[in-house]
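Some notes on the structure that comes next.
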There are 2 protein chains.
Amino acid sequence: MNTGSTPSGAVDTAAVKTYLQGLQARIVAGLEALDGTPFLTDAWQRPEGGGGISRVLEEGGVFERAGVLFSHVTGDKLPPSASAHRQGLAGRAFEAMGVSLVLHPRNPYVPTVHLNVRCFVAAARPEAAQGTPDAEPAWWFGGGMDLTPYYGFEKDAVRFHSVCRQALEPFGPELHPRFKKWCDEYFYLKHRGEPRGVGGIFYDDFSELGFERSFAMTRSVGDAFLDAYGPIVERRKDMPYGERERDFQAYRRGRYVEFNLVFDRGTLFGLQSGGRTESILCSMPPVVKWRYAWTPEPGSPEAALYTDFLRARDWV
Amino acid sequence: MNTGSTPSGAVDTAAVKTYLQGLQARIVAGLEALDGTPFLTDAWQRPEGGGGISRVLEEGGVFERAGVLFSHVTGDKLPPSASAHRQGLAGRAFEAMGVSLVLHPRNPYVPTVHLNVRCFVAAARPEAAQGTPDAEPAWWFGGGMDLTPYYGFEKDAVRFHSVCRQALEPFGPELHPRFKKWCDEYFYLKHRGEPRGVGGIFYDDFSELGFERSFAMTRSVGDAFLDAYGPIVERRKDMPYGERERDFQAYRRGRYVEFNLVFDRGTLFGLQSGGRTESILCSMPPVVKWRYAWTPEPGSPEAALYTDFLRARDWV
């Protein structure tokens with residue numbers, strides 16, 4: 001098993017960066033075609049090293065708020081919180097890059113969606129003795145996508161999960177069930193006893209296939225996004241809705257805020273460590289409502305979300 | 001100086017509880033008189049010990065969402081995170097009680113306000129040798145109030161701070177500047193480089209005046225609330241406003257959400273440790289908006305909030 005330490009030549013971060021920037025451009029083009037509105041482009045530099053390109057759409061035809069973000073951040077000292085599962089990397093020079101998106105459609109029948117693919121490299125320690133683990137860079141990939149409907153449709157959940165499974169299939173049959181379960185566990189609101197939505201896939205600290213295959217797997221996940229989500233948007237975007245559905249959507253979006261601000265590692269790490277606030281909080285919905293101790297009427301379409309969709313299920 | 005360890009007889013938690021329940025009732029009565037709408041009453045029990053009474057108003061005449069909460073929680077083992085400043089208390093039996101409120105008015109010219117007064121007692125360790133610190137209960141008070149305008153008025157900020165100062169004056173002239181500074185530091189959004197509002201007072205781990213005087217000071221803070229805030233509501237609640245002001249209010253309320261979910265110790269501790277979610281999240285505003293990289297037009301009334309009010313100032 002490859003542990004994610006390789007001779008430095010094997011970690012081709014330039015290729016990862018090229019892929020990620022291309023992925024951002026392709027996804028934005030796909031979403032612009034769906035929406036009919038161009039995304040704005042906001043490039044930024046990080047004083048401590050690196051920067052990013054935020055592509056943002058607000059008040060579009062389909063998307064009320066959408067952010068597709070690329071960032072490439074470098075630093076002298078890896079913060080201890082950067083890796084949940086790896087010992088001994090804190091303090092190394094590092095490089096992190098990724099594409100991250102959250103799309104908040106206006107029509108409550110179109111689900112919200114999230115995608116992230118990222119690559120992390122901790123440099124070798126210059127002073128380390130040859131042959132010791134510290135003498136080699138450590139790297140890993142992470143990523144996934146998950147779907148958050150307001151009104152659930154089995155067909156949509158099945159499609160999303162099927163495309164996720166297909167994307168992982170070439171890399172081993174055990175990956176999809178593992179990453180699906182990881183997603184169900186990660187995107188869970190403990191204080192509500194509720195999953196964030198119908199799930200998808202999630203993985204982190206991934207290097208076990210070696211650099212080339214782990215990168216290929218991550219590409220397969222990124223490349224699958226438009227195929228997983230686009231047809232769902234096409235199917236739902238012209239469904240008629242009224243104030244009731246908009247209201248429920250705004251209420252349920254509160255859960256998205258709660259998850260991202262209370263539990264999401266990336267969001268918290270970013271906000272607490274001086275990340276770019278406006279990019280990180282691109283995931284916040286455009287309009288959100290909270291109300292006290294509200295529950296949907298039993299038997300209503302809103303209740304069906306809780307009973308039929310907000311529970312871990314085998315969708316494919 | 002009293003360190004907050006006393007012979008057990010001196011910690012009269014029954015008196016604190018009686019005071020807090022009375023305070024909740026008086027504040028709710030005062031707010032009902034201002035609003036013209038009765039608050040609902042929601043009593044709840046905590047399976048692990050204790051419970052509370054949540055008084056909530058939604059869609060009132062003045063308040064779009066308001067929660068005035070009493071809770072009294074007991075436990076076998078104090079979590080290490082309960083006290084930021086005290087060593088050696090983790091694992092003791094404990095008792096915590098408090099009144100907490102957040103009021104979100106509908107009219108954008110009426111500021112949002114927060115009040116909290118609380119008392120914490122960690123029991124003596126039964127096995128501790130007589131004369132050691134562990135043989136005595138430890139207790140402390142905490143609390144404060146702070147004001148968050150959407151459109152700032154100097155007169156309102158001055159009144160709020162003046163009443164806060166008067167409430168603390170009988171207990172020592174150094175308390176107000178100290179607690180005002182503590183408030184400015186605590187209610188600060190690091191990721192925005194912005195204070196939450198115009199501040200007020202904040203204190204925690206407070207026992208230095210001894211139990212009787214520390215309790216009296218906390219009563220003085222609680223008792224001052226309606227006098228600090230009520231006249232501001234009266235002055236502003238009938239000011240005409242339009243969509244522009246409502247929109248800015250909803251945007252600024254996003255900051256309130258960000259602070260409470262990312263930084264507020266009480267909220268995070270509650271959500272992560274199995275507190276009552278609907279009560280804790282009573283502080284969330286009813287309608288909130290986020291938008292990307294927005295800044296107010298220079299010279300506008302919205303810009304004045306940032307330049308004239310969202311900075312630490314000596315208001316009195």
Side-chain angles (χ1 to χ4, degrees), chain A residues 39-42 44 54-59 64-69 102 104 189-194 246-247 250-251 253-264 267-295, chain B residues 39-42 44 54-59 64-69 102 104 189-194 246-247 250-251 253-264 267-295:
Chain A
F39 280 58
L40 69 82
T41 303
D42 196 2
W44 52 275
S54 298
R55 305 292 312 270
V56 180
L57 175 59
E58 292 186 306
E59 303 290 339
E64 198 175 352
R65 189 162 199 240
V68 184
L69 318 172
V102 172
H104 291 290
L189 286 81
K190 288 189 212 98
H191 63 296
R192 299 281 190 182
E194 264 176 29
R246 276 290 280 176
D247 197 57
Y251 173 77
R253 282 169 170 173
R255 302 292 209 269
Y256 221 80
V257 174
E258 292 171 21
F259 181 83
N260 283 11
L261 295 186
V262 178
F263 293 105
D264 187 59
T267 303
L268 289 179
F269 174 73
L271 292 180
Q272 291 169 350
S273 68
R276 185 171 185 263
T277 296
E278 287 295 339
S279 297
I280 298 164
L281 295 183
C282 245
S283 64
M284 295 293 103
V287 185
V288 186
K289 294 182 180 175
W290 273 272
R291 67 183 76 116
Y292 183 74
W294 183 82
T295 50
Chain B
F39 280 57
L40 69 82
T41 302
D42 196 3
W44 51 275
S54 298
R55 305 292 311 270
V56 180
L57 174 60
E58 291 186 306
E59 303 291 339
E64 199 174 353
R65 190 161 198 241
V68 184
L69 317 173
V102 172
H104 291 290
L189 286 80
K190 289 189 212 98
H191 65 295
R192 299 281 189 184
E194 262 175 32
R246 276 289 280 176
D247 199 55
Y251 173 77
R253 282 170 171 173
R255 302 292 208 271
Y256 220 81
V257 173
E258 292 171 21
F259 181 83
N260 283 12
L261 296 186
V262 177
F263 294 105
D264 186 61
T267 304
L268 290 178
F269 174 73
L271 292 181
Q272 291 169 351
S273 68
R276 186 172 187 262
T277 295
E278 286 296 339
S279 298
I280 298 164
L281 295 183
C282 245
S283 65
M284 295 292 103
V287 184
V288 186
K289 293 182 181 176
W290 273 272
R291 69 183 75 117
Y292 183 73
W294 183 83
T295 50

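From a predicted model like this one, the values you see are computed outputs, not experimental measurements.
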Examine whether an atom of [X] lies under 4.5 Å from a heavy atom of chain A, and if so say whether it belongs to the side chain, the backbone or both; otherwise answer neither.
X	answer
B:L40	side chain
B:R291	both
B:V288	both
B:R253	neither
B:A250	neither
B:L268	side chain

(message) I'd like to know if A:E278 pairs up with B:R192 as an ion pair, taking the criterion as any Lys NZ or Arg NE/NH1/NH2 lying under 4.0 Å from an Asp or Glu carboxylate oxygen.
(response)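 Here A:E278 pairs with B:R192 in a salt bridge, since their nearest N and O are under 4.0 Å apart.
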Taking all non-hydrogen atoms of both residues into account, name the closest pair between [X] and [Y] and its distance.
X	Y	result
B:H191	A:T277	O-OG1, 2.5 Å
A:Y292	B:R65	N-NH2, 3.3 Å
A:L261	B:E258	CD1-CA, 4.0 Å

(request) Evaluate the criterion side chain to side chain contact (heavy atoms under 4.5 Å, CB included) for residue pair A:V287 and B:W290; output intermediate values, then yes/no. (result) CA-CA 7 Å; A:V287 185; B:W290 273 272; over 6 Å; no
(message) Please rank B:K190, B:E59, B:E58 by heavy-atom pairs under 4.5 Å with chain A and give me the top one.
(response)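 Sorted descending by pairs with chain A, the first entry is B:E58.
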(request) Would you mind telling me which of A:I280, A:N260, A:V262 has the largest number of heavy-atom pairs within less than 4.5 Å of chain B? (result)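 So the answer, after comparing A:I280, A:N260, A:V262, is A:V262.
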